[in-house]
Amino acid sequence: MREIGLICLFGFTSFDDIKTKQVRVLELIVFGLLGIIINFISPSITLKSIAGGVGIGLVLFLISHITKEKIGKGDAIIIAITGLYLGWINTLVLLWISSIFALIAGVIIIKKYGLRTDHEIPFIPFLTLGYLSMYLIRFIGSVFL
């Protein structure tokens, strides 16, 4: 259930992030509430881990505010909601993997199109790619074990 919720969250918000560079508040509310409900019905992550995962997003939100949105506030909120589903360790891993994908794509885009290094790219699609990579690695690992 968690996997479906996250894939839907990333799918819907990736589309919006690419198209409008914004995310819809309604989507954030729906998937945030869904994450809370999933944890209430089927708790598989400790409350401490969930709080840490949400805390990562809140720290990024604060950094976004301080840096005048060098990191988008929508991205920070998505990461906080992701913390509801994954807990703090997996949220950090997702953020790390996604940042690597964004770095690679950013370098390619800047080199190919001759853009400035401060060119903005949507980050949520990289969260989607990062999560799918994590899921695939876990799936492949379970096949071999």
Would you give me the side-chain donor-acceptor pairs under 3.5 Å for residues 20-34, sequence neighbours excluded?
from: Thr20; atom 1: OG1; to: Asp16; atom 2: O; distance (Å): 2.8
from: Thr20; atom 1: OG1; to: Gln22; atom 2: N; distance (Å): 3.3
from: Thr20; atom 1: OG1; to: Gln22; atom 2: O; distance (Å): 3.4

Could you tabulate the donor-acceptor pairs under 3.5 Å formed by side-chain atoms of residues 91-113, not counting sequence neighbours?
from: Thr91; atom 1: OG1; to: Gly87; atom 2: O; distance (Å): 2.5
from: Ser98; atom 1: OG; to: Leu94; atom 2: O; distance (Å): 2.7
from: Ser98; atom 1: OG; to: Phe126; atom 2: O; distance (Å): 3.1
from: Ser99; atom 1: OG; to: Leu95; atom 2: O; distance (Å): 2.7

Throw together a table of side-chain donor-acceptor distances under 3.5 angstrom for residues 43-53, partners on residues two or more places apart or in other chains.
from: Ser44; atom 1: OG; to: Arg2; atom 2: NE; distance (Å): 3.0
from: Ser44; atom 1: OG; to: Arg2; atom 2: NH2; distance (Å): 2.9
from: Thr46; atom 1: OG1; to: Ser49; atom 2: N; distance (Å): 3.1
from: Ser49; atom 1: OG; to: Trp88; atom 2: N; distance (Å): 3.1

Return all side-chain donor-acceptor pairs below 3.5 angstrom for residues 66-80, not counting sequence neighbours, or 'none' if the list is empty.
from: Thr67; atom 1: OG1; to: Ile63; atom 2: O; distance (Å): 2.8
from: Thr67; atom 1: OG1; to: Lys70; atom 2: N; distance (Å): 3.3
from: Glu69; atom 1: OE1; to: Lys73; atom 2: N; distance (Å): 3.3

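A donor-acceptor contact shorter than 3.5 Å is absent between the side chain of Asp17 and the backbone of Thr13. Of the possible donor and acceptor atoms, none in the side chain of Tyr85 sits under 3.5 Å from a partner among the backbone N and O of Leu6.
Hydrophobic clustering (side-chain heavy atoms under 4.5 Å, transitive across Ile, Leu, Val, Met, Phe, Trp, Tyr) keeps Phe15 apart from Phe123. Both Ile89 and Leu86 are part of a single hydrophobic cluster, where members link through side-chain heavy atoms under 4.5 Å apart. Note: the hydrophobic cluster containing Ile18 does not contain Phe12 (ILVMFWY, side chain heavy atoms under 4.5 Å, direct or indirect links).
Rounded to the nearest 0.5 angstrom, Leu84 CG and Ile37 CD1 are separated by 11.0 Å. Considering CG of Asn39 and CD1 of Ile36, their distance stands at 8.5 Å, rounded to 0.5 Å. Atoms CG and OG, on Leu129 and Ser133 in that order, are 4.5 Å from each other to the nearest 0.5 Å.
Partners of Leu58 under the side chain to side chain contact (heavy atoms under 4.5 Å, CB included) rule, at least two apart in sequence or in another chain, are Val54. Remark: Ser14 pairs with Thr128 by the side chain to side chain donor-acceptor pair (under 3.5 Å) rule, at least two apart or across chains. Residues passing the side chain to side chain contact (heavy atoms under 4.5 Å, CB included) test with Ile137: none are found, sequence neighbours excluded. Tyr135 pairs by the side chain to side chain contact (heavy atoms under 4.5 Å, CB included) definition with Glu3, Tyr131, Arg138, not counting sequence neighbours. By the salt bridge (Lys or Arg N to Asp or Glu O under 4.0 Å) test, Glu120 is found to be paired with no residue, residues two or more places apart in sequence or in another chain being considered.
The local environment of CG in Leu136 is crowded, with over 12 non-hydrogen atoms from other residues, nucleotides or ligands closer than 6.0 Å.
The ring-ring contact (aromatic ring centres under 6.0 Å, His included) contacts involving residues 37-82 comprise nothing, where partners must be two or more places apart or lie in separate chains.
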